[in-house]
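Order of the sequence lines fixes the chain letters, A, B, ..., with proteins taken first and strands second; residue numbering starts at 1 for each chain.
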Number of protein chains: 2
Amino acid sequence: MTGYSEKQIQIMEAAEELFANKGFDGTSVRDIAEEAGVNLAMISYYFGSKEKLMESLFQYRGHYITLQLENMLQNKEMSSLQKVYGVIDSYMERIMKLQCFHKIMSREQMADVKGATTKLIHELKKKNQELVQQLISEGQKKGEFKKNIDVPLLMATLIGTTGHLVTTQHYYKKLNNLEALSDEEFEKHIKKKLSNHLKSLFKAVLTYE
Amino acid sequence: MTGYSEKQIQIMEAAEELFANKGFDGTSVRDIAEEAGVNLAMISYYFGSKEKLMESLFQYRGHYITLQLENMLQNKEMSSLQKVYGVIDSYMERIMKLQCFHKIMSREQMADVKGATTKLIHELKKKNQELVQQLISEGQKKGEFKKNIDVPLLMATLIGTTGHLVTTQHYYKKLNNLEALSDEEFEKHIKKKLSNHLKSLFKAVLTYE
DNA sequence: TTGGTTTAATTAAACGTTTGTTTAACTTTG
DNA sequence: CAAAGTTAAACAAACGTTTAATTAAACCAA
């Protein structure tokens, strides 16, 4: 159930890039087959249908999108603020590494008809919010953080800011005259900037009175 | 050129809702015709094609999405922070009022092949960033704001947080046990919360040392 | 106002493509 | 030699767009 062959992964990753940039309906199974370098019929053969290919992709990525964080949260030597910084960096790294998958999730969240992916997204969000809520409550008990912190909106700022930057990086590049930078340079640049920005934002809103 | 007939607007607004929730490629012209209550052929008759209908929609919405802000920025009696608060509320109101159009724009920004909408989005972003940059610089000169403010990332936070909340409000509602609220109550609730959140965020990052 | 003519609006049907999926024949593998 | 993998071809359905026929609206001289 969990193991995908090389060829299946090849197909899923081709589909991932196309779904991210053209949308699910904007991508034909022939596009995917060509991009993956396999015969058209292999997609039905391995996954059953285009829809089920999407579900497999969510399972494939969802599998390693949820596992981290816990051990860091139990670390006794870090301050609560340091842990928040850890959450920010780990979330950011994750989005940066899985940019295409993140775009697909963003698209899915806009849809009105709820598909098989909806449940997974909801659980992911729930778990994330609980972890952060727990972390913030701990900081409040220790007196590190102030009272009256709106955790859901804080999450919206973390996810929204990061996501917006990822999905509009082309515009960001042009708007701020960074077109000379290579892709790696630009990613490094934006990671650094975004990390600093989010940390100072969270520090301010969590600690200042 | 600027005037659309009632029937044309009827078609564009039907298309807007469908494009927002199903995507451009996920919406057929037959869907649009049915939703708008017109004959299939009227879409080609009035707009030429599905693609050109999309362009018309951008022109129709883009027309009244850009006009505000300037007169408030020239107000001599407001503090710079008050003006920033004004920008936040006005941006938020705009997104809330045009939720569907905003979803469409978000989707368009993810696309790799740049369509006729790309230029408009770029210009909109550029103008917004310039206005905010101007406002922040003014506050810095007056000594109201601190130095070293990253305006592009601040914009990403404003736009990203607001946009994320709009596109994921269904999840937000469920996750925070607000499903008993009517649509109007929920919109009022979220507007209030988001406005407070963004203002305290901006105040902290602009003024605290 | 009337009657005649032109223009615009509206319709159902048909057009050629592209879509996702399946078939049946063939090849490779264990 | 049976099972799994791979292929080109074919399938019906849905797609965006166009056609040709019909109705409604606008116009204008008598």
K.L.:
Parallel, tilted or perpendicular: which describes the rings of F24(A) and F19(A), with under 30° parallel and over 60° perpendicular?
P.N.:
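Tilted.
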
K.L.:
Start at the 5' end of DNA chain D and walk down; is the nucleotide closest to K50(B) or to V38(A) reached first?
P.N.:
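Nearest nucleotide further toward 5': that of V38(A).
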
K.L.:
Which of the following nucleotides, dT6(D), dT11(C), dC15(D), is nearest to the side chain of K7(A)?
P.N.:
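Nucleotide nearest to K7(A)'s side chain: dT6(D).
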
K.L.:
M42(A) has a side chain; which of dT19(C), dT10(C), dG5(D) sits nearest to it?
P.N.:
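So the nucleotide nearest the side chain must be dG5(D).
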
K.L.:
Q10(A) CD to dT6(D) C1': how many Å, rounded?
P.N.:
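Distance, rounded to whole Å: 14 Å.
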
K.L.:
Just compare dT7(D), dT21(C), dT17(D) and give me whichever is closest to any side-chain atom of V29(A).
P.N.:
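Nucleotide nearest to V29(A)'s side chain: dT21(C).
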
K.L.:
For L194(B), which of K199(B), H189(B), M92(B) qualifies under side chain to side chain contact (heavy atoms under 4.5 Å, CB included)?
P.N.:
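Going through K199(B), H189(B), M92(B) one by one, the side chain to side chain contact (heavy atoms under 4.5 Å, CB included) with L194(B) is satisfied by M92(B) alone.
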
K.L.:
Of the options dT23(C), dT17(D), dA9(C), whose atoms approach the side-chain atoms of A41(A) most closely?
P.N.:
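Selected nucleotide (nearest to the side chain): dT23(C).
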
K.L.:
Over how many whole Å does the gap from N39(A) atom CG to dT28(C) atom C1' extend?
P.N.:
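The distance from CG of N39(A) to C1' of dT28(C) comes to 15 Å, rounded to the nearest Å.
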
K.L.:
Atom CZ of F24(B) to atom C1' of dG16(D): distance rounded to whole Å?
P.N.:
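After rounding, the reported distance stands at 10 Å.
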
K.L.:
Whole angstrom is fine here: how far is it from CZ in F19(B) over to P in dG16(D)?
P.N.:
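Spelled out: CZ on F19(B) to P on dG16(D) is 9 Å.
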
K.L.:
Can a side chain N or O of Y46(A) be found less than 4.0 Å away from OP1 or OP2 on dA4(D)?
P.N.:
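Checking dA4(D) against Y46(A), no side-chain N or O comes under 4.0 Å of OP1 or OP2.
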
K.L.:
Check the side chains of Q8(A) and Y60(A) for a donor-acceptor pair under 3.5 angstrom, ignoring hydrogens and angles.
P.N.:
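Side chains of Y60(A) and Q8(A): no pair found under 3.5 Å.
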
K.L.:
Counting any heavy atom closer than 4.0 Å, what does S5(A) reach on the DNA or RNA strands: base, sugar-phosphate only, or nothing?
P.N.:
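Result for S5(A) = nothing.
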
K.L.:
Can you tell me how far P of dC15(D) sits from CG of D25(A), to the nearest Å?
P.N.:
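Spelled out: CG on D25(A) to P on dC15(D) is 10 Å.
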
K.L.:
Regarding K22(A) and D31(A), does a basic nitrogen lie under 4.0 Å from an acidic carboxylate oxygen?
P.N.:
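The answer is no: the pair does not qualify as a salt bridge.
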
K.L.:
Whole angstrom is fine here: how far is it from OH in Y45(B) over to P in dT22(D)?
P.N.:
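Distance check: Y45(B) OH to dT22(D) P gives 18 Å.
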
K.L.:
Do K83(B) and E77(B) sit within salt-bridge range, that is, some charged N less than 4.0 Å from a carboxylate O?
P.N.:
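Not counted as a salt bridge, because no side-chain N and carboxylate O are separated by less than 4.0 Å.
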
K.L.:
To the nearest Å, how far apart are L40(A) CG and dA9(D) P?
P.N.:
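Those two atoms, CG and P, are 13 Å apart.
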
K.L.:
Once you round it to whole Å, what is the distance between C1' of dT22(C) and CD1 of I43(A)?
P.N.:
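For the pair I43(A) CD1 and dT22(C) C1', the rounded distance is 14 Å.
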
K.L.:
State which of dT22(C), dT17(D), dT19(C) makes the closest approach to the side chain of S44(A).
P.N.:
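Given the options dT22(C), dT17(D), dT19(C), the side chain of S44(A) is closest to dT22(C).
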
